[in-house]
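These notes are about the structure you will find just below.
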Amino acid sequence: MQIERPTLCYITATNSSCPVEQSEKALEGGARMIQLRNKTAPGSALYDWAVDIQKLCRVYDAIFIVNDRVDIALTANADGVHLGQRDLPVAPARKLLGKNKILGMSISSLAEAEEAVRAGCNYVGLGHIYPTSSKQKTGKPLGTSCITEVSRHISIPVIAIGGITASNAGEVIRAGATGIAVISAVAEAPDPRKATSELIQNMQSCLQ
Ligand code: TPS
């Protein structure tokens, strides 16, 4: 499955108890990729959610990624896994997943991007681009110049993340990102479906 430009990846709200409903709204709004991310739920709940979101993603022909948990991704037949810098390293994750699954990694510099490519990742999540309260962060926001630098140097898709909203999604794509990944811009919107389609429209309008 290809990550096309521009792709919106919806990441389920931090430790939400209704990730399936949230994902469905994002898919209805046009999200092409869903990432199930929950750092506190028991494996049994995560697995059930993953099975349901996998089915939804099939219906919408969208890519389904599980954050961190290779076991859940495999057993729920997700399309791939997203790894953080402190999760299972790429090589053993690839060994478990096989060559056909998508492997993505969080990065925040060109050096980490190049390392992710060398290790065999299929995309990188570059952030945080703007200030965000969705994740405990050390360090300053990277800004859009980092997107241009990384996307010029590597050939795999660059998904920008962190503080992305309808008002800055266009400049993120213009800077060279393949797509965006968002939590709060969709999860905290009064109408998550509409918020998703607005983000996508803003990305698309700067590619025309
Ligand atoms: C594709 N990550 C970096 S910033 C952030 C997260 C979860 C919070 C964004 O929230 N790249 C991908 N997936 C990931 N999980 C990460 C990076 C890690 P908001 O949109 O509310 O600012």
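Side chains included, hydrogens not; waters and symmetry mates left out as well; all remaining heavy atoms used. Just follow the structure's listing: the first ligand is 1, and inside any ligand the first atom is 1.
Between Leu96 and Leu88 there is a side-chain heavy-atom pair separated by less than 4.5 Å. A 4.5 Å side-chain heavy-atom check between Asn77 and Lys101 finds at least one atom pair inside the cut-off.
With Cys121 as the fixed residue, the side chain to side chain contact (heavy atoms under 4.5 Å, CB included) test singles out one of Val90, Ile107, Ile102, Ile154: Val90.
Only the side chain of Asn67 comes within 4.0 Å of ligand 1, judged by heavy-atom distances. With a 4.0 Å cut-off on non-hydrogen atoms, Ile161 touches ligand 1 through its side chain and not its backbone.
Heavy-atom proximity to Thr132, at under 4.0 Å, picks out these atoms of ligand 1: 10 (O), 19 (P), 21 (O), 22 (O). Each of the following atoms of ligand 1 lies closer than 4.0 Å to a heavy atom of Ile11: 13 (N), 14 (C), 15 (N). Atoms of ligand 1 lying under 4.0 Å from at least one heavy atom of Ser184, given by number and element, are 19 (P), 20 (O), 21 (O). Ligand-side atoms of ligand 1 in range of Val182: 20 (O), range being under 4.0 angstrom from any heavy atom.
For Gln35, a nitrogen or oxygen atom sits less than 3.5 Å from a nitrogen or oxygen atom of ligand 1, counting backbone and side chain alike. The distance criterion of under 3.5 Å between nitrogen or oxygen atoms is not met by Lys135 with respect to ligand 1. Considering backbone and side-chain atoms together, Tyr123 places no N or O closer than 3.5 Å to any N or O of ligand 1. Taking only nitrogen or oxygen atoms, main chain and side chain alike, Gly163 reaches within less than 3.5 Å of ligand 1.
Within a 6.0 Å sphere centred on NZ of Lys39, other residues, nucleotides and ligands contribute more than 12 heavy atoms.
Ion pairing between a basic and an acidic side chain is recognised when a charged N comes within 4.0 Å of a carboxylate O; Glu28 and Lys25 show no such pairing. By the 4.0 Å N-to-carboxylate-O rule, Arg69 lies close enough to Asp71 to be salt-bridged with it. Asp68 has no carboxylate O lying under 4.0 Å from a charged side-chain N of Arg86, or vice versa, which leaves the two without a salt bridge.
A distance of 11.0 Å separates CZ of Arg32 from CG of Leu8, quoted to the nearest 0.5 Å.
Within the 4.0 Å heavy-atom cutoff, Gly162 counts among the residues contacting ligand 1.
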